[in-house]
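Just below is one structure, and these are the notes that go with it.
A note on names: the letters A, B, ... follow the listed sequences, proteins ahead of strands, and every chain is numbered from 1. None of the values given here were measured: they were computed from a predicted structure.
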There are 2 protein chains.
Amino acid sequence: MLKQRNADQSRHELLEAASKEIHQFGFHAASISRILENTSLTRGALYHHFPSKLELGYAVIDELFGGYLRQLWLEPLLKIGDPIEIIENSLNDTYAIHGQELISYGCPLNNLSQEMSAIDEGFRERINAQYEKWQDALSLALQGGQETGTVRKDINAAEVAIFIVASIEGCIGLAKNNKSQATLDSCTRILLDYLYGLRVVPQAGRS
Amino acid sequence: MLKQRNADQSRHELLEAASKEIHQFGFHAASISRILENTSLTRGALYHHFPSKLELGYAVIDELFGGYLRQLWLEPLLKIGDPIEIIENSLNDTYAIHGQELISYGCPLNNLSQEMSAIDEGFRERINAQYEKWQDALSLALQGGQETGTVRKDINAAEVAIFIVASIEGCIGLAKNNKSQATLDSCTRILLDYLYGLRVVPQAGRS
DNA sequence: TAACAAACATACTGTTCGGTATGTTAAAAC
DNA sequence: GTTTTAACATACCGAACAGTATGTTTGTTA
């Protein structure tokens, strides 16, 4: 009676604990024993649900990190509206929800990317898949803005999308390394200035 | 006769091997044994020159990574001239000299930052010191450009400097994760567009 | 309700790793 | 030229770690 079993819930509990551990310590420094300490489960359960630490890490990327991305960026970017405004809102939402974690531990995706993508092809492919979803969503939204007339038509949406992702990750990375909200704010302010510059300039003297 | 001793050279040989190992595998995955295999020296030598793996990593940042930064960015930025042009040249030089390594293994500073700065204060401080040198040099150069009239005066040089560093690191990070020269080129192209936008706009109709 | 399989728990193993203890050799100091 | 010390070399150690073998319990199915 004390212990009822639920495989899905157990799996999710393991994933959540692994996600936090990996986000805080990175993949190599993440300890299976410590993950289990933050869980009501044991070693047997973990290796019942995941064949290895590597596969556990893969699942964290696909299911959890991918979920954050979808909720905070992909879905908003699918809505109709000014893409620049949507991006600004997603940035604000991201910082509002995860700001403190981002400054303390960085972006989970970027952390793993820099640590793992050069030494494990599985990590690289999965992280890259998330980045490409992000870039594609941004690119499509910007193209939409170009068609509806809110975004300048002389920019390459796909390349700008890459740059936006790069800048966001760069800003968060610097802020983490400086443990500084001010760094994040400054960097984001300039990024927003850049984004505003992507808008169509109002035609002076016409109307 | 076969083996003559030179402490400085031995130390440098260890640092170089450690630098490559850490750049490729990250700090945690870097193996002392493997470092020594790429050296004519042995375990005793390494622990004679460095008290621990941690201190070895610190020295790599301070002496080697810091040296790359000084040579490629700090010194050029001290010269007189259009700062935007200097930045563009430094970017080109960086890619020309280290392009393939950057795409394969990423930026050594950013790699370590994302992997280590959240879990080791010593790493964070040393990496941050390098970033601040970089940002300060950019900021000062931009301010110089503002005074000599090549850079817009309505921008905050310090904040733009942060953004530039963030964008560069972001571009390299994405390129590494995508194993793609094209990604690096696209991202850099947009960054350059942004930099060109920092120049004073020529006064139309006057002269 | 018996049989079976999924969902765990527990105890253990093999390996890798950073670090150390100790021995040895070359170079400098006197 | 003897002494001393810096500069290594070699062999080894304890700990931490991912992973496994095996046992046990719960739920399901026939």
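- End-to-end axis angle for the helix from C:dT1-D:dA30 to C:dC30-D:dG1, using five pairs per end and rounding to 10°, comes out at 10°.
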Would you please test A:S31 and A:E21 for side-chain contact (heavy atoms from CB on, under 4.5 Å) and show each step?
CA-CA 8 Å; A:S31 156; A:E21 173 84 8; 4.1 Å; yes

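- Under a cut-off of 6.0 angstrom, the local environment of CZ in B:R70 is sparse, with at most 12 non-hydrogen atoms contributed by other residues, nucleotides or ligands.
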Could you run down the sub-3.5 Å N/O contacts of the protein with nucleotides 4-7 of chain C?
{"unit_1": "C:dA7", "atom_1": "OP2", "unit_2": "A:H48", "atom_2": "NE2", "d": "3.1"}
{"unit_1": "C:dA7", "atom_1": "N3", "unit_2": "A:R5", "atom_2": "NH1", "d": "2.9"}
{"unit_1": "C:dA7", "atom_1": "N3", "unit_2": "A:R5", "atom_2": "NH2", "d": "3.3"}

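- Shown here is A:Q9, whose CD atom has no more than 12 heavy atoms of other residues, nucleotides or ligands within 6.0 Å.
- Here D:dC8 presents its P atom at 9 Å from CD of B:E13, a figure rounded to the nearest Å.
- Of all the residues in residues 55-63 of chain B, not one reaches under 4.0 Å from DNA chain C with any non-hydrogen atom.
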Review item, side-chain donor-acceptor pairs of residues 116-123 of chain A, under 3.5 Å, at least two apart:
{"unit_1": "A:S117", "atom_1": "OG", "unit_2": "A:S113", "atom_2": "O", "d": "2.9"}
{"unit_1": "A:S117", "atom_1": "OG", "unit_2": "B:N177", "atom_2": "OD1", "d": "3.4"}
{"unit_1": "A:D120", "atom_1": "OD1", "unit_2": "A:Y58", "atom_2": "OH", "d": "3.4"}
{"unit_1": "A:D120", "atom_1": "OD2", "unit_2": "A:Y58", "atom_2": "OH", "d": "2.6"}
{"unit_1": "A:D120", "atom_1": "OD2", "unit_2": "A:G122", "atom_2": "N", "d": "3.1"}
{"unit_1": "A:D120", "atom_1": "OD2", "unit_2": "A:F123", "atom_2": "N", "d": "2.8"}
{"unit_1": "A:E121", "atom_1": "OE1", "unit_2": "A:R124", "atom_2": "NE", "d": "3.2"}
{"unit_1": "A:E121", "atom_1": "OE1", "unit_2": "B:K179", "atom_2": "NZ", "d": "3.3"}
{"unit_1": "A:E121", "atom_1": "OE2", "unit_2": "A:R124", "atom_2": "NE", "d": "3.3"}
{"unit_1": "A:E121", "atom_1": "OE2", "unit_2": "A:R124", "atom_2": "NH2", "d": "2.8"}

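- Side-chain contact between A:I168 and A:T188 is absent, with no heavy atoms from C-beta onward closer than 4.5 Å.
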Per-nucleotide protein contact along nucleotides 10-19 of chain C, 5' to 3', at a 4.0 Å heavy-atom cut-off (B base, S sugar-phosphate only, - neither), is BB------BB

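- None of B:E101, B:H23, B:E169 except one satisfies the side chain to side chain contact (heavy atoms under 4.5 Å, CB included) rule with B:C107; the exception is B:E169.
- Residues of residues 18-26 of chain A that place a heavy atom closer than 4.0 Å to DNA chain D do not occur.
- The closest side-chain heavy-atom distance from B:I80 to B:T148 is not below 4.5 Å.
- Following rounding to the nearest Å, B:L41 (CG) and D:dT10 (C1') show an atom-to-atom distance of 14 Å.
- For the pair A:P83 and A:V151, the tightest heavy-atom approach, listed with the atom from each and the gap, is CG-CG2, 3.6 Å.
- Between the side chains of B:Q114 and B:N110, at least one donor N or O sits under 3.5 Å from an acceptor N or O.
- Interatomic distance, CD1 of A:I162 versus CG of A:D136, reported as 9.5 Å (0.5 Å rounding).
- The minimum heavy-atom distance linking B:F50 with B:A59 is given by the pair CE2-CB, 3.8 Å.
- Within the model, atoms CG of B:N111 and CG of A:N111 stand 11.5 Å from one another, a figure rounded to the nearest 0.5 Å.
- A:K133 NZ: more than 12 foreign heavy atoms inside a 6.0 Å radius.
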Go through the steps for A:S33 and A:E37 under the test side-chain hydrogen bond (donor to acceptor under 3.5 Å, both in side chains), then give the verdict.
CA-CA 6 Å; A:S33 301; A:E37 283 173 12; over 6 Å; no

side-chain contact (heavy atoms from CB on, under 4.5 Å) assessment of B:H12 paired with B:L64
CA-CA 9 Å; B:H12 189 73; B:L64 289 191; 4.2 Å; yes

